[in-house]
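Here's the structure, in structure tokens; my notes come after.
Each chain gets a letter, A, B and so on, in the order its sequence line appears, and its residues count up from 1.
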Amino acid sequence: MAETSNPPAAANFVHDLVVEHNATGVFGGRVQTRFPPEPNGYLHVGHAKAITADFELAREFDGACNLRFDDTNPDTEDTSYVDGIIEDLAWLGYPLDREPLFTSDYFAQLADWAELLISNGLAYVDDQDGETISEQRGGYGKPGVESPFRNRTVDENLELFAGMRAGDFDEGAHVLRAKIDMQHENMQLRDPVMYRIRKESHHRTGDSWSIYPTYDWAHGQSDAIEGITHSLCSLEFDSHRALYDWYLDQLRELGVLPFEQPLQFEFARLELTHTITSKRKLARLVADGVVDGWDDPRLPTLRGLRRRGYPAAAIREFCDFIGVSKTNSRHEIELLESFIRTRLNKLAQRRMAVLEPLKVVITNWPTDAAGEPVVEYVELKNNPENAEDGTRTAPFSGVLYIEHDDFKAEPPPKYYRLTPGREVRLRGAYFITATDFVTDDAGNVVEVHVTYDPETRGGNAPDGRKVKSTMHWVSAAHAVDADVALYDRLFSAEVPGAETGDPFDDLNAESRTLLHGCKLEPALAATAPGEVVQFERLGYFAADPRTPLLFHRTVGLRDEWANIQKRK
RNA sequence: UGGGGCGUGGUGUAAUUGGUAACACAGCAGUUUCUGGUACUGUCGUUGGGGGUUCAAGUCCUCUCGCCCCAACCA
């Protein structure tokens with residue numbers, strides 16, 4: 001992966017496993033993985049971890065990773081999600097290099113294999129409803145009850161399944177079940193359902209099928225069809241592994257597996273503090289209008305993060321760094337943010353923007369022949385981290401805006417910024433000293449009067465005197481107005497819903513603050529859609545991809561002064 | 001209730017497989033600095049608990065405690 005100052009990737013138990021497999025000849029050195037999203041929602045950071053795990057493992061061992069849409073449930077899936085997922089995946093850094101694969105492409109093969117299992121007495125058609133089947137399954141430590149239909153003849157099962165396949169029955173009339181063991185201690189093996197009847201139209205196969213395979217029946221077999229070797233999934237599927245193996249074992253013994261039998265490995269999904277990664281709950285945030293859509297910058301969706309300005313490379317580096325383990329854990333969102341800052345610090349162009357403007361009048365600033373304040377142009381570095389980014393100029397004149405927080409009539413302890421009688425530097429321009437200020441009826445400072453020292457042009461005093469603070473500024477006459485959205489945690493609790501069980505109880509009502517009338521230096525008007533720049537001393541801000549002069553705060557700078565105030 | 005998985009600083013991830021517990025984030029203190037940013041330095045503090053084997057235990061044995069997952073015709 002690209003250059004980075006971050007430390008190398010954490011070790012990864014799956015990686016170690018593959019090394020061992022290659023050493024012992026399992027899979028003959030082949031590594032084939034797959035990323036199998038269900039097209040029923042958009043990708044989020046949690047998927048990013050799975051994606052990097054799958055794709056990078058394959059890349060490292062010169063294998064390949066398939067994108068396979070696990071589209072076995074016509075009720076919830078849609079092509080718009082297929083397109084969205086492909087788009088987000090490409091943005092993350094994994095553009096499609098060939099046609100994507102679909103479980104639905106294997107429906108015929110899967111159904112044929114199901115018939116093969118039936119023919120061998122390994123599956124049967126059950127006429128009972130879901131509730132009854134569920135009751136008969138028993139419970140943890142409690143025995144299961146065999147279905148009265150469990151011992152139908154092969155011929156009868158074949159005929160019924162053919163009818164199911166042909167669409168002769170209503171939804172719920174029958175299911176196909178694997179005949180395993182109703183007393184198995186692993187509930188997944190108590191005659192799991194392989195097929196159910198659905199009359200819903202499928203986003204790809206339309207109405208050509210009225211039976212759909214369940215996840216368990218589809219997944220391992222799809223892996224086998226594609227020649228997958230290492231099938232990674234999240235921890236909650238560990239009890240499914242026995243079933244994954246059982247289906248494959250039967251097919252292998254019946255001699256129909258095209259490749260070696262794939263193996264399933266489980267790892268912990270990515271959880272972050274102050275956010276959620278449940279597709280269902282994310283969908284609820286969108287549906288309820290808590291956020292503006294799937295690409296709301298407060299969402300952990302890939303498209304939300306992209307709009308927020310998170311560089312894809314930084315997300316990949318983060319995933320690489322946290323590694324792959326089996327421990328249930330929740331990473332601090334601050335760790336992700338530190339990766340974002342590290343990368344942006346190197347890349348982002350520096351600009352000056354005043355979010356909450358305070359007017360500053362330089363009382364000794366010269367005027368020209370027409371009586372207008374003189375305008376000078378000062379040169380500023382685009383990025384102190386990278387000299388190749390060069391410089392730009394910004395207009396400077398007698399009336400400016402500075403950040404409201406950068407002046408205090410009565411300075412608190414350790415305050416280094418502008419205050420009556422104190423001299424500070426305006427970045428790249430001049431030293432100024434506050435002489436006076438104007439307040440409104442409520443006592444708020446609305447204007448500051450200062451004098452400047454003409455000798456300090458460029459930002460340095462010939463006599464070598466120092467100032468405690470350098471501040472950003474924008475010339476009032478040249479300022480470009482913009483809207484800026486500041487973001488805070490979407491959920492105020494570290495673990496949303498930890499208290500009440502409902503994450504929505506922990507929603508942060510102030511997760512977004514929209515500022516109008518922010519004052520930008522002219523160069524900022526040319527920011528490309530989606531580009532992330534650093535507003536000096538404030539943070540990184542992404543230009544909205546669609547709306548000009550709207551910026552989203554990607555992440556703030558580390559702020560020592562804020563910490564000092566917080567400690568107080 | 002039966003089965004499975006997992007416990008390492010505040011957080012997360014490592015530890016040559018029995019050999020100095022490390023890395024990052026966060027915190028704290030400082031140096032540098034035309035961003036209270038960056039960079040750099042220092043500092044803080046940990047193997048869930050008990051017992052055992054061993055010259056030596058995060059690692060092996062044993063007991064114990066805690067957390068997570070599984071009883072959809074979702075994935």
- prompt: Distance between the C1' atoms of U33(B) and G66(B), in whole angstroms?
  reply: 49 Å
field: Between U8(B) and G49(B) - C1' atom distance, rounded Å
entry: 14 Å
query: For Ser325(A) and U13(B), is the shortest distance between a side-chain N/O and OP1 or OP2 below 4.0 Å?
result: yes
query: Do the side-chain N or O atoms of Arg537(A) get closer than 4.0 angstrom to the phosphate oxygens (OP1, OP2) of G36(B)?
result: yes
query: Who pairs with Ser329(A) by side-chain contact (heavy atoms from CB on, under 4.5 Å), at least two apart in sequence or on another chain?
result: His331(A)
- request: Please report, rounded to the nearest Å, how far the C1' atom of U16(B) is from the CG atom of Asp16(A).
  value: 12 Å
Report the residues that fulfil side chain to side chain donor-acceptor pair (under 3.5 Å) with [X], sequence neighbours left out, ordered by chain and then residue number.
{"X": "Asn157(A)", "result": "none"}
{"X": "Thr79(A)", "result": "none"}
{"X": "Ser222(A)", "result": "none"}
{"X": "Arg330(A)", "result": "none"}

message: Each nucleotide in nucleotides 70-75 of chain B should get exactly one letter: B, S or -. Can you fill that in based on protein heavy atoms under 4.0 Å?
response: BBSBSB
Look at all strands and tell whether [X] reaches a base, only sugar-phosphate, or nothing, counting heavy atoms closer than 4.0 Å.
{"X": "Arg558(A)", "answer": "sugar-phosphate"}
{"X": "Gln534(A)", "answer": "base"}
{"X": "Arg177(A)", "answer": "nothing"}
{"X": "Tyr415(A)", "answer": "base"}
{"X": "Asn40(A)", "answer": "nothing"}

message: With a 3.5 Å cut-off and heavy atoms only, can you find an N or O donor on one side and an acceptor on the other between the side chain of Glu334(A) and the base of U11(B)?
response: no
query: When only distance counts, do a donor and an acceptor, one from the side chain of Arg350(A) and one from the base of U35(B), lie under 3.5 Å apart?
result: yes
query: Taking only residues at least two apart or on different chains, which pairs with a member in residues 172-194 of chain A satisfy salt bridge (charged side-chain N to carboxylate O under 4.0 Å, His left out)?
result: Asp126(A)-Arg177(A), Arg150(A)-Asp191(A)
Consider only side-chain N and O atoms of [X] and [Y], and report whether a donor and an acceptor are under 3.5 Å apart.
{"X": "Gln264(A)", "Y": "Glu266(A)", "answer": "yes"}
{"X": "Arg34(A)", "Y": "His219(A)", "answer": "yes"}
{"X": "Thr103(A)", "Y": "Asp70(A)", "answer": "yes"}

Syn-anti status, with the boundary at 90° from 0, for the nucleotide U41(B): anti
task: Mind telling me if A72(B) is syn or anti? Syn here is a glycosidic angle within 90° of 0.
output: syn
message: Testing Phe267(A), Tyr215(A), Phe265(A), Tyr244(A) one by one against Phe237(A) for a ring pair (Phe, Tyr, Trp, His ring centres under 6.0 Å), which residue passes?
response: Tyr215(A)
- line: Between Phe396(A) and the options Trp473(A), Tyr377(A), Tyr452(A), the ring pair (Phe, Tyr, Trp, His ring centres under 6.0 Å) test singles out Trp473(A)
message: So that I can compare with my own list, what are the stems of RNA chain B, taken as at least three consecutive Watson-Crick or G-U pairs with distances under 3.5 Å?
response: B:2-7 with B:65-70, B:10-13 with B:22-25, B:27-31 with B:39-43, B:48-52 with B:60-64
query: Looking only at heavy atoms, what is the nearest atom pair of Phe161(A) and Ala114(A), with distance?
result: CZ-CB, 4.0 Å
statement: Walking RNA chain B from its 5' end, the first of Lys466(A) and His331(A) to be reached, judged by nearest nucleotide, is His331(A)
Below 3.5 Å between N/O atoms, which protein atoms pair up with nucleotides 28-31 of chain B? Just atom names and distances, please.
residue, atom, partner, partner atom, Å
C28(B), OP1, Arg567(A), NE, 2.9
C28(B), OP1, Arg567(A), NH2, 3.3

message: If you only use heavy atoms from C-beta on, which nucleotide in G37(B), C25(B), G12(B) is closest to the side chain of Pro384(A)?
response: G37(B)
With 3.5 Å as the limit, what N/O pairs link the protein to nucleotides 5-10 of chain B?
residue, atom, partner, partner atom, Å
G5(B), O4', Asp238(A), OD2, 3.4
G10(B), N2, Glu332(A), OE1, 3.2

Atom pairs, N/O to N/O, protein against nucleotides 40-48 of chain B, distance under 3.5 Å?
none

task: List the steps and the verdict of side-chain contact (heavy atoms from CB on, under 4.5 Å) for His47(A) and Leu89(A).
output: CA-CA 10 Å; His47(A) 293 109; Leu89(A) 201 56; over 6 Å; no
- prompt: ring pair (Phe, Tyr, Trp, His ring centres under 6.0 Å) with Tyr81(A): which residues, sequence neighbours excluded?
  reply: Tyr42(A)
